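Presented below is the structure to which this report refers.
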Amino acid sequence: QVQLVESGGGLVQPGGSLRLSCAASGSIVSIYSMGWYRQAPGKQRELVAYIRSDGTTNYVDSVKGRFTVSRDNAKNTVFLQMNSLKSEDTAVYYCYADLRGRANMRRSDYWGQGTQVTVSS
């Protein structure tokens with residue numbers, strides 16, 4: 001059984017910072033990429049950022065220069081450092097991991113439970 005557990009959401013003022021963490025646990029063979037999606041009320045879920053096992057990263061245009069995704073491979077953990085937050089960053093943030101689990105040896109996407117980020121004065 002693979003689980004992803006997120007932490008670090010909350011309420012922050014515009015211009016502030018938050019750091020999200022997501023740890024994958026369980027019987028894992030390989031993690032190919034980890035990253036973050038977000039979903040604001042009334043909007044579709046969008047990919048915010050991801051990082052591959054080789055360290056390459058990708059970001060949605062709206063967060064480039066403000067958000068940084070990083071990863072601790074030894075701890076199967078992905079981070080999202082969010083700086084210069086704006087009201088439009090308000091959303092539920094979900095981490096994901098593209099991985100191969102040992103139980104069935106299949107490559108699948110696994111998801112965290114989501115964490116609320118609210119940017120408001």
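Nothing here was measured: the structure is a model prediction, and the numbers come from that model.
Side chains of Phe67 and Leu18 form no contact here, defined as non-hydrogen atoms less than 4.5 Å apart. In this structure, the side chains of Tyr96 and Leu47 come closer than 4.5 Å at one or more pairs of heavy atoms. The shortest distance between side-chain heavy atoms of Asp89 and Arg38 falls below 4.5 Å. Taking the side chain as every heavy atom from C-beta outward, Arg107 and Asp98 approach each other to under 4.5 Å.
Scanning all heavy atoms of the two residues, the minimum distance from Met105 to Arg100 falls at O-NH1, 2.9 Å. Taking every heavy atom of both residues into account, Ile31 and Met34 meet most closely at CG2-CG, 3.5 Å. Heavy atoms only, all atoms of each residue included: Tyr94 and Gly112 are closest at CD2-O, 3.9 Å. Residues Val48 and Leu80 come closest through the heavy atom pair CG1-CD2, 4.4 Å. Between Leu99 and Tyr32 the shortest heavy-atom distance is CA-CD1, 4.0 Å.
Environment of CZ in Arg66: crowded, with over 12 heavy atoms of neighbouring residues, nucleotides or ligands closer than 6.0 Å. No more than 12 heavy-atom neighbours from other residues, nucleotides or ligands sit within 6.0 angstrom of CD on Gln1. Within 6.0 Å of CD on Gln116 lie more than 12 heavy atoms contributed by other residues, nucleotides or ligands.
Linking ILVMFWY residues whenever their side-chain heavy atoms come closer than 4.5 Å, directly or via other members, leaves Val119 and Tyr37 in distinct clusters. In the hydrophobic cluster analysis, where Ile, Leu, Val, Met, Phe, Trp and Tyr join through side-chain heavy atoms closer than 4.5 angstrom, Tyr50 is grouped apart from Ile28. Neither Trp36 nor Val92 shares a network with the other; the hydrophobic side chains, linked directly or stepwise wherever heavy atoms of I, L, V, M, F, W or Y lie under 4.5 Å apart, form separate groups for each.
The CD atom of Glu46 sits 10.0 Å away from the CD atom of Gln39 when rounded to the nearest 0.5 Å. Annotation: the span from Ser53 atom OG to Asn73 atom CG amounts to 7.5 Å, rounded to 0.5 Å. Here the straight-line distance linking atom OG of Ser62 with atom CD of Glu88 works out to 8.5 Å at 0.5 Å rounding.
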When the side chains of residues 5-17 are checked against the rest of the protein, which donor-acceptor pairs come out under 3.5 Å, sequence neighbours left out?
residue: Glu6; atom: OE1; partner: Gly114; partner atom: N; Å: 3.3
residue: Glu6; atom: OE1; partner: Thr115; partner atom: N; Å: 3.2
residue: Glu6; atom: OE2; partner: Cys95; partner atom: N; Å: 2.8
residue: Glu6; atom: OE2; partner: Gly114; partner atom: N; Å: 3.3
residue: Ser17; atom: OG; partner: Asn83; partner atom: OD1; Å: 2.9

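Between Lys64 and Asp61 there is a salt bridge, since a side-chain N of the basic residue sits under 4.0 Å from a carboxylate O of the acidic one.
Hydrophobic clustering, defined by side-chain heavy atoms of Ile, Leu, Val, Met, Phe, Trp and Tyr closer than 4.5 Å, leaves Phe79 isolated from every other such residue.
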